[in-house]
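Okay, structure first, notes after.
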Amino acid sequence: QFPIWYEPDVGGKSMQVAAFDYCAGLLEQWLANAGENHAPPIVCHVTTSSSTDGNPLMVVKKIQELAVPTGSPLVFNAFLSSHVEVTPNNFPSNRSFLPPGAARTFYDRSSQLGEESIAHLRREGLPVNDRARALVFNGKMVELVTFLNLVRKQTVNWTSLTAEALGSETPAPEEPTPDVAVEEPI
């Protein structure tokens, strides 16, 4: 026996426009005070359903267009499925190879991965094309772990960039732990 801290509530609302809008506000505040020498922020969105309050594409584009000297904020999306008969689409590079509907919508609001991220995924043995997006669609737990590991890899240099911006010589830890927000149904 082990304790259960969280019991999922299937079928709740997935207010993605409101969630991304909230993240946009947080990022705007943070960027106003962050200085110039920092890594691009990451928005990590994990869900099991489509948005119930409209299409968040315009808000996501607003996030991706925020002025950041070191690059645009990165938007990572993971759409999870428990159906074993559904094949996951991991880090797709072309929306036309995805089924019409939600998969293409999530593709459109996911950032393109950089060279280092693509190289990391290839070292992990994943077949990834050069224009791959930060998207796992119909992922299972294995894909979610790969997805979150990639998010973590994006943060490896964050501490050293912050230290450099503050004029400190403190070396960055090898494996920082990022804060990961997971959407919960309402």
Side-chain angles (χ1 to χ4, degrees), residues 2-31 40-66 68 72-114 117 121 126 128 131-155 177-186:
F2 57 91
I4 297 175
W5 293 283
Y6 173 76
E7 291 191 31
D9 180 18
V10 178
K13 292 183 179 180
S14 181
M15 309 290 282
Q16 295 177 21
V17 173
F20 279 112
D21 194 43
Y22 180 76
C23 289
L26 290 175
L27 286 172
E28 287 170 349
Q29 289 176 358
W30 183 81
L31 289 170
I42 296 174
V43 175
C44 180
H45 177 235
V46 179
T47 188
T48 59
S49 64
S50 294
S51 180
T52 58
D53 65 343
N55 185 346
L57 181 61
M58 297 309 293
V59 180
V60 170
K61 294 295 181 197
K62 176 183 167 185
I63 289 171
Q64 292 171 328
E65 292 171 357
L66 289 171
V68 180
S72 299
L74 302 171
V75 179
F76 283 67
N77 282 289
F79 183 97
L80 305 179
S81 172
S82 61
H83 301 290
V84 268
E85 68 277 358
V86 178
T87 304
N89 289 296
N90 300 316
F91 310 105
S93 60
N94 188 331
R95 78 186 305 275
S96 61
F97 294 119
L98 296 170
R104 291 182 183 185
T105 301
F106 276 85
Y107 177 89
D108 292 341
R109 57 187 197 221
S110 299
S111 297
Q112 184 172 323
L113 294 173
S117 295
L121 291 170
L126 291 168
V128 181
R131 299 179 53 83
R133 296 284 181 112
L135 170 64
V136 168
F137 192 80
N138 285 329
K140 312 301 184 276
M141 204 48 65
V142 169
E143 288 82 19
L144 179 61
V145 168
T146 301
F147 173 85
L148 292 174
N149 188 40
L150 181 62
V151 171
R152 183 191 57 78
K153 287 298 260 184
Q154 289 290 136
T155 67
T177 305
D179 292 331
V180 178
V182 178
E183 172 191 321
E184 294 183 32
I186 296 175

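Computation of the quantities below employed the complete heavy-atom set of this structure, encompassing side-chain atoms and omitting hydrogens, waters and symmetry-equivalent molecules.
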Checklist entry - Looking only at heavy atoms, which two atoms of Cys44 and Leu148 are closest? And how far apart? => result SG-CD2, 4.1 Å
Item to check | Over all atoms of both residues, closest heavy-atom pair of Val86 and Ser81 | outcome: CB-OG, 4.5 Å
Next on the checklist: Can you give me the closest heavy-atom contact between Val75 and Ala134, atom names plus distance?
Outcome noted: O-CB, 3.7 Å
Checklist outcome for this item: Rounded to the nearest 0.5 angstrom, the OG-CG distance for Ser111 and Asn77 is 8.5 Å
Item to check | Any Val136 side-chain heavy atom under 4.5 Å of Thr146 side chain | outcome: no
Checklist entry - Please walk me through it: do Phe20 and Leu57 pass side chain to side chain contact (heavy atoms under 4.5 Å, CB included)? => result CA-CA 9 Å; Phe20 279 112; Leu57 181 61; over 6 Å; no
Next on the checklist: Walk me through whether Asn55 and Arg109 qualify under side chain to side chain contact (heavy atoms under 4.5 Å, CB included).
Outcome noted: CA-CA 10 Å; Asn55 185 346; Arg109 57 187 197 221; 3.8 Å; yes
Checklist entry - To the nearest 0.5 Å, what is the distance between CZ (Phe91) and CG (Leu150)? => result 5.0 Å
Item to check | Check: Ser110 main-chain N/O paired with Arg133 side-chain donor or acceptor under 3.5 Å | outcome: yes
Checklist entry - Could you walk me through whether Val46 and Leu144 pass the side chain to side chain contact (heavy atoms under 4.5 Å, CB included) check? => result CA-CA 9 Å; Val46 179; Leu144 179 61; 4.2 Å; yes
Checklist outcome for this item: One should read off an interatomic distance between Phe106 CZ and Leu98 CG, to the nearest 0.5 angstrom, of 12.0 Å
Checklist outcome for this item: dist Arg152:CZ -> Ile42:CD1 (nearest 0.5 Å) comes out at 11.5 Å
Next on the checklist: Does any part of the side chain of Pro41, heavy atoms only, come nearer than 4.5 Å to the side chain of Leu31, both counted from C-beta?
Outcome noted: yes
Checklist outcome for this item: Of all heavy-atom pairs linking Pro88 and Gly139, the shortest is CB-CA, 4.1 Å
Item to check | Pairs touching residues 54-65 that satisfy salt bridge (charged side-chain N to carboxylate O under 4.0 Å, His left out), sequence neighbours left out | outcome: Glu28-Lys62
Next on the checklist: Please check this pair: side chain of Thr47 against backbone of Phe79, looking for a donor-acceptor N/O pair closer than 3.5 Å.
Outcome noted: no
Checklist entry - Gln154 and Leu74: which non-hydrogen atoms are nearest, and at how many Å? => result NE2-CD1, 3.3 Å
Next on the checklist: Looking at every heavy atom in both Gln16 and Asp53, which two are closest together, and how far apart are they?
Outcome noted: N-OD1, 3.1 Å
Checklist entry - How far apart are the C-alpha atoms of Thr87 and Asn138, what are their side-chain angles, what is the distance that settles it, and do they pass the side chain to side chain contact (heavy atoms under 4.5 Å, CB included) test? => result CA-CA 7 Å; Thr87 304; Asn138 285 329; over 6 Å; no
Next on the checklist: How long is the straight-line distance from CG of Leu121 back to CG of Leu113, given to the nearest 0.5 Å?
Outcome noted: 6.5 Å
Checklist entry - Side chains of Pro92 and Leu135: does their closest heavy-atom pair fall under 4.5 Å? => result yes
Next on the checklist: Distance check, rounded to the nearest 0.5 Å: Glu143 atom CD versus Asn89 atom CG?
Outcome noted: 10.0 Å
Checklist entry - For the side chain of Arg131 and the backbone of Ser93, is there at least one donor-acceptor N/O pair under 3.5 Å apart? => result no
